[in-house]
Amino acid sequence: MYIIDITVNEDITHEQHEELFPKHAAWFAKYHQAGNFLIIGPFTERERAGVIIAQTQDHAELEHILAEDSYYPNLATYVISEFTPKMVATNIEQFKA
């Protein structure tokens with residue numbers, strides 16, 4: 001399982017962001033529906049930044065998925081951390097906004 005911290009570069013113009021964000025959102029939806037993106041959301045304290053908790057077969061599959069993002073590779077920074085979940089709350093859905 002992976003945590004991906006995505007931060008869109010500050011030098012992207014408003015126009016670029018307006019053009020690319022709908023594609024970015026569609027990418028989220030595609031992989032959420034496929035079951036790879038388990039939790040997705042923006043950071044509240046940083047603009048144009050967010051987090052994904054993802055599940056893939058391996059790191060190579062995750063890299064392939066990230067390569068489809070409209071901001072990839074040079075318009076955003078992707079910090080990937082792999083982890084092994086040991087406890088998962090049964091009431092996780094209640095935290096959905």
Side-chain angles (χ1 to χ4, degrees):
M1 202 167 253
Y2 302 90
I3 296 176
I4 303 108
D5 178 332
I6 301 176
T7 303
V8 176
N9 296 350
E10 290 182 15
D11 60 348
I12 288 182
T13 66
H14 176 75
E15 291 76 20
Q16 284 177 302
H17 186 67
E18 290 296 313
E19 175 189 337
L20 295 172
F21 188 78
K23 296 173 187 175
H24 184 65
W27 172 73
F28 284 146
K30 175 183 176 180
Y31 286 104
H32 181 263
Q33 291 169 357
N36 296 107
F37 291 171
L38 307 177
I39 297 175
I40 305 163
F43 287 116
T44 56
E45 73 280 1
R46 286 192 288 156
E47 288 189 36
R48 297 185 183 179
V51 67
I52 301 169
I53 297 181
Q55 175 60 43
T56 59
Q57 291 180 14
D58 53 33
H59 198 273
E61 181 184 12
L62 178 62
E63 289 287 344
H64 179 77
I65 290 170
L66 294 178
E68 293 181 24
D69 186 16
S70 60
Y71 294 113
Y72 189 89
N74 299 318
L75 300 178
T77 302
Y78 303 79
V79 178
I80 302 166
S81 300
E82 187 172 6
F83 74 102
T84 303
K86 298 295 183 181
M87 292 187 271
V88 178
T90 58
N91 63 338
I92 194 81
E93 277 289 323
Q94 82 178 28
F95 300 103
K96 184 174 160 183

*Taking the side chain as every heavy atom from C-beta outward, state whether Phe37 and Ile65 have any pair of such atoms under 4.5 Å apart.*
yes
*State the CD-OG1 distance between Glu10 and Thr77, to the nearest 0.5 angstrom.*
9.5 Å
_Ile52 and Phe28, any side-chain heavy atoms less than 4.5 Å apart_ = yes
*To the nearest 0.5 angstrom, please state how far the NZ atom of Lys96 sits from the CD1 atom of Ile40.*
10.5 Å
*Output the distance between atom CG (Leu38) and atom CD1 (Ile92), rounded to the nearest 0.5 Å.*
10.0 Å
*Residues in ring pair (Phe, Tyr, Trp, His ring centres under 6.0 Å) contact with Tyr2, at least two apart in sequence or another chain*: His59
*Among Gln16, His17, His24, Lys23, which residue meets the side-chain hydrogen bond (donor to acceptor under 3.5 Å, both in side chains) test with Tyr71?*
His17
*Please assess Ile53 against Phe83 for the test side-chain contact (heavy atoms from CB on, under 4.5 Å), listing each intermediate value before the final yes or no.*
CA-CA 10 Å; Ile53 297 181; Phe83 74 102; 4.2 Å; yes
*Hphob cluster co-occupancy, Ile39 + Ile6, side-chain heavy atoms under 4.5 angstrom*: no
*Nearest atoms (heavy-atom pairs only) where Ala76 meets Val8*: CB-CA, 3.9 Å
*Could you tell me the separation between the CD atom of Glu15 and the CG atom of Leu20, rounded to the nearest 0.5 Å?*
11.5 Å
_More than 12 heavy atoms of other groups within 6.0 Å of Gln57 CD_ = no
_Pairs involving residues 37-64, ordered by first then second residue, that meet salt bridge (Lys or Arg N to Asp or Glu O under 4.0 Å) (sequence neighbours left out)_ = Asp5-Arg46
*Do Leu75 and Ile4 belong together in a cluster built from hydrophobic side chains that touch within less than 4.5 Å?*
yes
_Taking the side chain as everything from C-beta on, heavy atoms only, tell me whether Leu66 gets closer than 4.5 Å to Trp27._
yes
*Grab the two heavy atoms, one from Tyr72 and one from Tyr78, that are nearest each other, plus how far apart they are.*
N-OH, 3.2 Å
*How is the hydrophobic cluster of Val88 composed, in terms of its other members, when Ile, Leu, Val, Met, Phe, Trp and Tyr link through side-chain heavy atoms under 4.5 Å apart, directly or indirectly?*
none
